[in-house]
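Remarks on the structure that follows.
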Number of protein chains: 2
Amino acid sequence: MSKCEQCIVRKFNSLTHLSREELVKISACKTSRTIKKGEPLFSEGEHINGIFCIKDGICKVSKMSENGRNQIVNLIKKGDILGERSLITQEASNLEAIALEDMEVCFIPKEEIIEDLEKNPKFSMSVLKDMANNLKKADNIIVDMAQKTVKQRLAETLINLKEKFDTNNDGIINVRLSREDIANIIGTATESAIRLLSDLKKKKYIEFVGKEIKILNLPELEKIAQGF
Amino acid sequence: MSKCEQCIVRKFNSLTHLSREELVKISACKTSRTIKKGEPLFSEGEHINGIFCIKDGICKVSKMSENGRNQIVNLIKKGDILGERSLITQEASNLEAIALEDMEVCFIPKEEIIEDLEKNPKFSMSVLKDMANNLKKADNIIVDMAQKTVKQRLAETLINLKEKFDTNNDGIINVRLSREDIANIIGTATESAIRLLSDLKKKKYIEFVGKEIKILNLPELEKIAQGF
DNA sequence: TTCAAAAGATGATAAATATCATATAATAAA
DNA sequence: TTTATTATATGATATTTATCATCTTTTGAA
């Protein structure tokens, strides 16, 4: 079993503020898991009772709407922490997380880390900072969802994906999403997403390379996102 | 100047976890403010650098979209804390807060309370819990915005307003919102909000009493919110 | 009190988006 | 490989929502 003290992934998230002793303790009780593409890390209604530290892979965090449609509220990648909220609340999760590619994650049980949250101000301030950031992002998404057209949201999403997952040498965005996933990010029907993607392709603003997407004309996408 | 140690409002938020000494210290440096209806507590781009404790009144927290339309992301009432995020981040606010009625608020400068956040775990855990709750709410709003129709969102909003602000003896919801405000909560054109409100009134699910709203048939509103 | 401005209301129309149908392409299971 | 299933694509149409125009009512300032 790998040791948290030596784990590089930790450097990218709040766990980096834990002391050596705290890390050793966590190392002893954490579990490593492999999650295959398409499998859930956790499901709606489940009590997570701990946090996931993502060592490799990408997952989508989503929620079913009352209309029976799935809405993706976040994408999580290597280095991210997932499930912080379970540390603080007793409630069951209102979200589900499903792997978009094979994943390596560590799971740290709540009871082993909750004490650190109360006693290590650097750690708790870092978690607090994370949450504040997520809250700001969430507010921005609410505004976009409420005020922007589907076309705008699609353009914005493509730009965000590029930012978040970066591109390989050929300029291709490092994430594989189905058309349905994209539709579930921007909150529209799959057909609408497909249609608008086709439009962008026709205009040569983007290009499909296998399942992946390459942005050919970022300035034009930015214009669309802003409503022109 | 009133004293925080004796303030009842504090009991309703995270400040209740501060010690007597911490409260005395804050009491000495906090400022009380009166904000008239329509005036801002703070504006977009402003550095708040402190938190507001709402002693009386209601305000809307909103953000301009790139499309030039205003989106209300939260309503804040007596007992709430506003601006927690400014404690944690250096960034300017991306939101503005405007009084919907005359308000009494206390402002506590960041530098006076940030230390408590680091040294008083009960306080920091409470703030953390607040943020976790807000984050959950925000996720739910994102899903609603993305997946529900305007009609559903309106019904849901009316139900939420009743929950949040309660009703007086006559069953009238204790908050006065303009049609434009309601439109800016659900993310639609003012005309659309007016039209749908009129429909609900025609069907006798709601009634207007002056500027205020009374829910006559909650079960039917709930059905609409769920998409029936 | 009077009058201008803002808010609310409603119709007509245009634009955006969802839904349904169907076809083709890609993928995975036998 | 063959076949069944799923994903992608696209047209036709219905529905939802925005926009523009106009009117009435309410509100607030002089």
Side-chain angles (χ1 to χ4, degrees), chain A residues 36-39 60 65-71 98 100-102 144-157 176-203 206-213 224-225 227-228, chain B residues 36-39 60 65-71 98 100-102 144-157 176-203 206-213 224-225 227-228:
Chain A
K36 288 242 169 295
K37 180 178 169 178
E39 287 177 359
K60 58 180 174 182
S65 79
E66 281 175 317
N67 295 14
R69 290 222 301 232
N70 203 256
Q71 178 65 34
I98 294 193
L100 289 173
E101 42 185 63
D102 292 353
D144 286 350
M145 286 293 178
Q147 304 283 5
K148 290 191 169 180
T149 65
V150 173
K151 194 193 279 188
Q152 284 180 284
R153 269 138 58 193
L154 174 60
E156 182 131 329
T157 295
R176 293 163 126 269
L177 294 167
S178 68
R179 300 291 190 265
E180 192 180 2
D181 283 334
I182 293 174
N184 291 349
I185 293 171
I186 63 183
T188 191
T190 306
E191 297 96 317
S192 298
I194 289 174
R195 245 181 271 273
L196 292 169
L197 280 167
S198 296
D199 286 352
L200 293 178
K201 187 184 156 192
K202 262 182 213 140
K203 287 181 182 156
I206 62 170
E207 157 179 78
F208 305 133
V209 185
K211 283 268 171 195
E212 277 144 323
I213 294 171
I224 291 173
F228 298 105
Chain B
K36 287 240 170 298
K37 179 177 169 180
E39 286 178 359
K60 58 180 176 182
S65 78
E66 280 176 316
N67 296 12
R69 290 222 299 232
N70 204 256
Q71 177 66 35
I98 294 191
L100 288 174
E101 40 186 64
D102 292 354
D144 286 350
M145 286 294 177
Q147 303 283 4
K148 290 191 170 180
T149 64
V150 174
K151 194 193 280 186
Q152 284 180 284
R153 269 139 56 195
L154 174 60
E156 181 131 331
T157 295
R176 295 164 124 267
L177 295 166
S178 68
R179 299 293 188 265
E180 191 180 2
D181 283 335
I182 293 174
N184 291 350
I185 291 172
I186 63 183
T188 192
T190 306
E191 297 96 319
S192 299
I194 290 174
R195 243 182 274 272
L196 292 169
L197 281 168
S198 296
D199 286 352
L200 293 178
K201 186 185 158 194
K202 262 184 213 139
K203 288 180 182 156
I206 63 170
E207 158 179 78
F208 304 132
V209 184
K211 283 269 171 193
E212 277 143 325
I213 294 172
I224 291 173
F228 297 106

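Residue numbers start from 1 in every chain, and the chains themselves are labelled A, B, ... in the order their sequence lines are given, proteins ahead of strands.
- For the pair Asn184(A) and Gln71(A), the minimum side-chain heavy-atom distance is 4.5 Å or more.
- You'll find a donor-acceptor pair under 3.5 Å spanning the side chain of Arg195(A) and the base of dT19(C), going by distance alone.
- Here dT26(D) presents its C1' atom at 7 Å from NZ of Lys211(B), a figure rounded to the nearest Å.
- Straight-line distance from the CD atom of Gln152(B) to the C1' atom of dA18(C): 13 Å, rounded to whole Å.
- A close approach under 4.0 Å does not occur between any side-chain nitrogen or oxygen of Thr190(A) and OP1 or OP2 of dA7(D).
- In the set dG8(C), dT19(D), dA9(D), the nucleotide with an atom closest to the side chain of Phe208(A) is dA9(D).
- Nucleotide dA29(D) holds its C1' atom 15 Å from the NZ atom of Lys37(B), rounded to whole Å.
- Which of dT17(C), dT19(C), dT10(C) sits closest to the side chain of Glu191(A) comes down to dT19(C).
- As rounded to whole Å, 10 Å separates atom P of dT8(D) from atom CZ of Arg176(A).
- The CG-P distance, from Asp181(A) to dT6(D), rounds to 16 Å in whole Å.
- The interatomic distance linking Lys148(B) (NZ) with dT15(D) (P) rounds to 22 Å, in whole Å.
- Looking only at distances, a side-chain donor or acceptor of Arg153(A) sits under 3.5 Å from a matching main-chain atom of Ile186(A).
- In this structure, the side chains of Glu66(A) and Lys148(B) come closer than 4.5 Å at one or more pairs of heavy atoms.
- In this structure, the side chains of Lys151(B) and Asp199(B) stay at 4.5 Å or more apart for every pair of heavy atoms.
- Relative to the side chain of Ser192(A), the nucleotides dA9(C), dT19(C), dA9(D) differ in distance, and dT19(C) lies closest.
- Contact annotation: Arg69(A) reaches the phosphate of dT19(C) (side-chain N/O to OP1 or OP2, under 4.0 Å).
- Using a distance-only test at 3.5 Å, with no hydrogens or angles considered, no donor-acceptor pair links the side chain of Glu101(A) to the main chain of Lys37(A).
- When rounded to the nearest whole Å, the span between CD1 of Ile182(A) and P of dA9(D) equals 10 Å.
- Ranking dT8(D), dT19(C), dA16(C) by closeness to the Thr149(A) side chain, first place goes to dA16(C).
- Note on Arg153(A): nothing from the nucleic acid sits closer than 4.0 angstrom, heavy atoms only.
- Atom NZ in Lys202(B) sits about 14 Å away from atom C1' in dG8(C), given to the nearest Å.
- Comparing dA9(C), dT17(D), dT19(C) by their nearest atom to the side chain of Thr188(B) picks out dT17(D).
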